[in-house]
Protein chains: 2
Amino acid sequence: MLLSKSCVYGLRASLYLASKRGNEYHSLKEISEELEISFHFLTKILQQLTADGYVESYKGPNGGVRLSSNGQNATLFDLVIAIDGPGLFTQCALGLPGCGLQEPCPLHDHWVGARGKIENMLKRMTLNEIAEEGKEKHFRLTAEGEFSWQ
Amino acid sequence: MLLSKSCVYGLRASLYLASKRGNEYHSLKEISEELEISFHFLTKILQQLTADGYVESYKGPNGGVRLSSNGQNATLFDLVIAIDGPGLFTQCALGLPGCGLQEPCPLHDHWVGARGKIENMLKRMTLNEIAEEGKEKHFRLTAEGEFSWQ
DNA sequence: CTTATTTAAGACTTCTTTGTCTGAAATTAC
DNA sequence: GTAATTTCAGACAAAGAAGTCTTAAATAAG
Ligand code: FES
Ligand code: FES
């Protein structure tokens, strides 16, 4: 798979938070139920994003998580780097070391192009901007699309 | 990672075979040493390609494996499908079910483009054609590039 | 202060991928 | 035939990813 499951869950949860107006906290229970993601697993992923400063958390009743201003202006690329690391954007398609530094493998020129396209796709908009777009276009964040950008 | 390790090993071994003139058999020991891939692991991968008709094998002294005519005219795409399955070319970037059938996720339009670019990269040449190209351009198939297309 | 709610932290289990090992079957050379 | 070489088949082990569970810490409400 292109992205790990942790990463996909992290992106979807971040987009969920971006879709919510105001800056209230949303509980992990709510998010995990809405997006149908294992509660404890999601907890660990969002803890990572909190550590990286994309998400702010608050404990106690009515607590939860929300995007920091950093998070609102982050791109999906930033989140992928935070969760999966930079490998996807630097590594050789054939797994050889030193892509771009040593002699190219047979796929190099083409893979650099495709890889760049993926990078652009993830870099082109901030979470806030994607959320705006989502309100117009009714993008799907869940299997059955029961989630709405309101 | 884009492709599994099994898949990458399978592609590299197939390109190795394509680089060899004539239709002699090459032993798995030779291939695994040249390409620095675990012998037993490579064995299993090539057994799969044999079962799928891309590779022919012969037992006994001076035995080994070689590309079938199907294999020589196969593309890397064919081999990826055989080893990793079609998931990379059909699945949603956010892991949602029914990509292309249900409402699109926020990445869909862009992912379809990038995915197509990857597909084209893998489909554009047969193993034989890549081997020809490799002889001109000295592509790398190993970490240090000690392999030569001769 | 007590209780309920919520995130934080980390141990633990399960599943998949990756890699290793052993023995059987086919083939060749002597 | 016997021994050596090679693929075939499948059990097994190690490592990583994915998912579960328990306890602790912070906060709010009564
Ligand atoms: S060397 Fe293989 S993709 Fe760059
Ligand atoms: S629905 Fe997500 S990429 Fe197609």
Side-chain angles (χ1 to χ4, degrees), chain A residues 1-14 16-17 24-68 71 80 83-85 87-88 91 94-95, chain B residues 1-13 17 24-68 71 80 83-85 87-88 91 94-95:
Chain A
M1 224 187 339
L2 188 75
L3 304 172
S4 70
K5 285 205 164 194
S6 297
C7 190
V8 162
Y9 293 162
L11 298 187
R12 286 171 56 206
S14 300
Y16 179 88
L17 289 174
E24 312 89 33
Y25 291 100
H26 295 267
S27 78
L28 291 170
K29 182 159 180 296
E30 169 194 330
I31 304 173
S32 68
E33 282 172 0
E34 291 278 333
L35 299 184
E36 297 167 303
I37 299 172
S38 147
F39 169 79
H40 289 286
F41 197 23
L42 182 62
T43 289
K44 287 206 294 198
I45 299 160
L46 286 196
Q47 270 169 33
Q48 165 122 37
L49 293 182
T50 302
D52 288 330
Y54 294 117
V55 165
E56 292 167 351
S57 68
Y58 200 80
K59 294 177 184 171
N62 305 314
V65 294
R66 69 182 179 198
L67 290 178
S68 68
V80 170
I83 299 173
D84 275 352
L88 177 61
Q91 285 170 6
L94 290 185
Chain B
M1 223 184 343
L2 189 75
L3 305 172
S4 72
K5 283 206 163 192
S6 298
C7 190
V8 161
Y9 293 162
L11 298 188
R12 287 171 55 205
L17 290 174
E24 311 91 31
Y25 291 101
H26 296 266
S27 77
L28 291 171
K29 181 159 180 297
E30 169 194 331
I31 304 173
S32 67
E33 282 171 1
E34 292 277 334
L35 299 184
E36 297 167 302
I37 299 172
S38 147
F39 170 80
H40 290 286
F41 197 26
L42 183 62
T43 288
K44 286 203 297 196
I45 299 160
L46 286 196
Q47 270 170 34
Q48 164 120 38
L49 293 182
T50 302
D52 288 330
Y54 295 117
V55 165
E56 292 167 350
S57 68
Y58 200 80
K59 294 177 184 172
N62 305 314
V65 295
R66 69 181 179 199
L67 289 178
S68 68
V80 170
I83 299 173
D84 275 352
L88 177 61
Q91 283 170 6
L94 291 184

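Computed from a predicted structure; not experimentally measured. Convention: sequence-line order gives letters A, B, ...; per-chain numbering from 1.
- To the nearest angstrom, C1' of C/dT17 lies 11 Å from CD1 of B/Ile45.
- Counting heavy atoms from C-beta outward, A/Tyr25 and A/Asn62 have side chains that stay 4.5 Å or more apart.
- Put simply, A/Lys5 has no side-chain N or O that comes within less than 4.0 Å of OP1 or OP2 on D/dA17.
- The salt bridge (Lys or Arg N to Asp or Glu O under 4.0 Å) test applied to A/Lys29 returns A/Glu33, not counting sequence neighbours.
- Residues forming a side-chain hydrogen bond (donor to acceptor under 3.5 Å, both in side chains) with A/Glu56 (at least two apart in sequence, or on another chain): A/Arg66.
- Taking both residues in full, the closest heavy atoms of A/Ser68 and A/Gly53 are given as OG-O, 2.7 Å, listed atom of the first, atom of the second, then distance.
- When all heavy atoms of A/Cys7 and A/Asp84 are compared, the pair lying nearest together is CB-OD2, 3.3 Å.
- What separates CG of A/Leu35 from P of D/dG19 is a distance of 14 Å, to the nearest Å.
- Residue B/Asp84 contributes atom CG, which lies 15 Å from atom P of C/dT16 at whole-angstrom precision.
- The nearest pair of heavy atoms linking A/Leu35 to A/Arg12 is O-NH2, 2.8 Å.
- What separates CZ of B/Phe41 from P of D/dA15 is a distance of 15 Å, to the nearest Å.
- Put simply, CG on B/Leu42 is 10 Å from P on D/dT7, counting in whole angstrom units.
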field: Contact state string [nucleotides 1-11 of chain C, B base, S sugar-phosphate only, - no protein heavy atom under 4.0 Å]
entry: ---BBBBBB-B
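- Rounded to a whole Å, the CE atom of B/Met1 is 12 Å from the P atom of C/dT17.
- Between the CD atom of B/Glu56 and the P atom of C/dA26 there is a distance of 19 Å, rounded to whole Å.
- With rounding to whole Å, B/Glu36 atom CD is found 16 Å from C/dG19 atom C1'.
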